[in-house]
Each structure stands twice: as structure tokens, then as C-alpha cells.
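Shown next, in C-alpha cells, is the structure this report addresses.
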Amino acid sequence: MEGPLSEVEPDCLDVAAQRKLINELAEIKVRDLAQTVLKAAQVAGGTAIIGRFLSGMNGPGRLSIHECIYYRLFDPVLPKSEIGRFISSKQRSAQTLACNDLSTREPTLDKVLWDRLLAEAELPRPEIKAVFGGTVEPANGKWLDTVADLTAFLSDPANYPMLAKPNFGGRSLGVLGLREVGPDGILLHDGTVRRIRDIIDFIDEFGTKGYIFQEVLSPHPEMAKVTGGSLATMRLLLLVGANGVEIENITLKVPTAGAVADNYWRGNLMTAIDRETGTATRSIRGSGVDLEVVDRHPDTVADLTAFKLPDFDALRALSTCLAASMPEMTMQGWDVGITDRGYVPIEVNFGGDVNLQQLAHNKGTMTPRYVAHLKARGYNGPLPA
């Protein structure tokens, strides 16, 4: 589960602090639960929250009280009939296993292996410049065997700018934006200059299964007007069944100034996208009692209610190709970048979390289409009527 944190993000080279974030982001939690429930009651009008929470906790989605608050099930703006369509992280995992062959999970975790699969399918992808450690040789780029190899690679100005990220990992934890190298060290995404030795020590300790060094993608000109020049990616939920490939949901992650990645927990925005037209419908930041609907980007002042994804037909065509690359997965969660060279898949998730789409769209994941797909796959767990 990925939700915004209230604390200041720790030093990007602090291994212990970065590993602590892994645990904090593993599940939705609400700090000061009693005080938060009181605030929720004020929004809902007294004790009306009890029935709404029970609908979420005892319904087919089996939400925890923390998730009920996170998704603002207490808010009268959300029709009570919609509450039963929200799903917990635990229930989602069971549904994913019903839809996907477990053997397909491994390539979704190993970024280098996944890159090789996309290369064989001749699909667009970010260029991997080099890989340090790991067990799979990249389709392209250097394979750095030793610390000496890594030192030489990081010392070469021709390799910059680039992103460094753990080969196994998610939620952009451990990601470093490497802008340029100079006599004093490497200029990072946070504006600090750090010694090459310090960065190598972090990579060697944090990336126990290897690190990849990847090109920096540039945003599509139309999206750059919205984000101010940062790359925005979307979470694309695809269902593959008797009707072919269906785009079930599109949720856009909209970065703000200074963010190394567009993950929501880093304080960025999210925008719900209409799956039929590619048009923005609702943008938010925060969650629970602190959730705020946002009409304009805080940095660019771009109107977040009046844009459409560029060349939406191209995204539809790409979706079919993406689904075909992983035929044993009938529920696929893709992160796709909107770049100056078109739509570029960043990574695929084994089903994909649904908290972002439920939060952004203010709707439960278990739509009639989604429920029909689960039934077709033989899922026999609780479902809404």
C-alpha cells in the first residue's frame, strides 16, 4: 500500500532510514487513530460513521478500520452503495492469485529480467545503461562485476544524467537521481553533492540483489505543461479475458517540484483518468481526513480538470501489446511513462495495488467488469452483488 507520509523524507543515503520506510509503506496506517475518528465523525455528522465503517469492514472488501479512514468511507460525498465495492489489500492479494499464474511473479520483481522480456517482445522501455550485481545480464548496457567497475562507471561524465534503482524493489525506495559528476562528487536529485565512495557504499549495502542505472526519460510536451518538466507515469490496470484486453482503470501520478519519483507517498498528486476518453476527472493529494481535492498544480498552476492524455489511441494499442507480453497474467498492473517519444512502460506489477485507484477515483475497485472477470477466473471469495 502506498500512502503519503507526514514526516520529512530521510536522507537518501541513510540505509537504515530507507529500510524503515519499506516497513512503513507496507500497509496503510493511521496515526492518532482516536483523534482521527473524531475528525471523521465531524465530517460525517456524529455517529453516522459507524454504519459506513461496518459496511466496509464486514462487506466483501473486508477493509480494516485504517483503510476505512484512508479511503474516507465516512464522507457523505461517497454514496453508501459504493462502499461495498472497496477492497482491502488482503482481499486484493487473494484475487490476484486467482487471476495470475504465480510463476509470472518473478519477472515482475526482477527489473533486469523484465527488461529482457520487453526487449524480446520489441516493446519500448527505458534504456538500462549498466547493472551492478544481480544474476541476469542486461539485454543492453554494461554489466559491472566489481566495485572498481562501478567506480569507473560513476566517474565517467558521459553516463549522466541517470537514475539508480534497486533491481528488486518498489515504491521508488533506494532510487537516486544522479544528475552529474564533478571533482567533489555526484550531484543528486536533492541538490546535494555526495562523494562517489558514499554512493557506492549505499548501493552495495541497500541493493543486496543488484542495482540498475537507467536513462532519465523526458516528459511529453503536453504533460510537461502540467508538471513543470517532470515525468508523470500512470498505473494502468488491464484485464485479459474473453473480451480481449480491457483497460479497467487509469490513475495518473502527477509529480511536484523536487520529487525524485512520482510516487504518491512522496507528497505528489494523483489524478483519476476516464478509461474511455483519457480525460482527467479528479485530482487529489493526501488521504483520509487530510485528503484534499486539487484543481490546480501547486507549482505550475496548470488546470488539473482540463487536460487529456495525449494520443489516447496509442495507449490503447500499447495496452494490447503489453498484455500479450505476459499471457499467463490476466490481471496486470502497468506503470507507464508519458514521454516525449510516446508511452513507455516502466514496469509491470503482479496484479498491482489498488489503493491509488480507489483513492483517486473515489470508487471501489470491484466494478461489475472487475467482478465478472474474477468470476470467469473461478474466484470464489466474497464479491459485491
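Computation of the quantities below employed the complete heavy-atom set of this structure, encompassing side-chain atoms and omitting hydrogens, waters and symmetry-equivalent molecules.
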Tell me which donor-acceptor pairs under 3.5 Å the side chains of residues 378-385 have, and how far apart each pair is, sequence neighbours excluded?
none

Sequence neighbours left out, what pairs pass side chain to side chain donor-acceptor pair (under 3.5 Å) with at least one residue falling in [range]?
range            : result
residues 215-234 : Glu215-Arg341, Glu222-Lys225, Thr233-Asp262
residues 76-86   : none
residues 310-329 : none

Table please: side-chain donor-acceptor pairs of residues 299-309 below 3.5 Å, with sequence neighbours left out.
from   : atom 1 : to     : atom 2 : distance (Å)
Asp299 : OD2    : Ala257 : N      : 2.7
Thr300 : OG1    : Val226 : O      : 2.6
Thr300 : OG1    : Ala302 : N      : 3.2
Asp303 : OD1    : Thr305 : N      : 2.9
Asp303 : OD1    : Thr305 : OG1    : 2.6

Check: Gly174 main-chain N/O paired with Tyr211 side-chain donor or acceptor under 3.5 Å: yes
Tyr343: ring pair (Phe, Tyr, Trp, His ring centres under 6.0 Å) partners, not counting sequence neighbours: none
Shortest non-hydrogen contact from Lys142 toward Phe153: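 Result for this residue pair: CD-CD1, 4.3 Å.
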Members besides Leu113 in its Ile/Leu/Val/Met/Phe/Trp/Tyr cluster (side-chain heavy atoms under 4.5 Å): none
ILVMFWY clustering at 4.5 Å (side-chain atoms), partners of Val193: Leu187
Residues which pass salt bridge (charged side-chain N to carboxylate O under 4.0 Å, His left out) with Arg116, listed by chain and number, not counting sequence neighbours: none
Arg197: salt bridge (charged side-chain N to carboxylate O under 4.0 Å, His left out) partners, not counting sequence neighbours: Asp201
Atom pairs and distances, donor-acceptor, side-chain atoms in residues 118-134, under 3.5 Å, two or more places apart:
from   : atom 1 : to     : atom 2 : distance (Å)
Arg125 : NE     : Asp115 : OD1    : 2.7
Arg125 : NH2    : Asn140 : OD1    : 2.9
Lys129 : NZ     : Asn159 : O      : 2.9
Lys129 : NZ     : Pro161 : O      : 3.4

Side-chain donor/acceptor pairs under 3.5 Å, residues 363-370, sequence neighbours excluded:
from   : atom 1 : to     : atom 2 : distance (Å)
Thr365 : OG1    : Gln357 : NE2    : 3.1
Thr365 : OG1    : Gln358 : OE1    : 3.2
Thr367 : OG1    : Glu248 : OE2    : 2.6
Thr367 : OG1    : Tyr370 : N      : 3.2
Arg369 : NE     : Glu248 : OE1    : 2.8
Arg369 : NH2    : Glu248 : OE1    : 3.4
Tyr370 : OH     : Arg92  : NH1    : 2.5
Tyr370 : OH     : Gln95  : OE1    : 2.5

Ile83 vs Leu78 side-chain heavy atoms within contact, under 4.5 Å: yes
Rounded distance [0.5 Å steps], CD1 in Ile212 versus CE in Met162: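 Here the rounded value is 12.0 Å.
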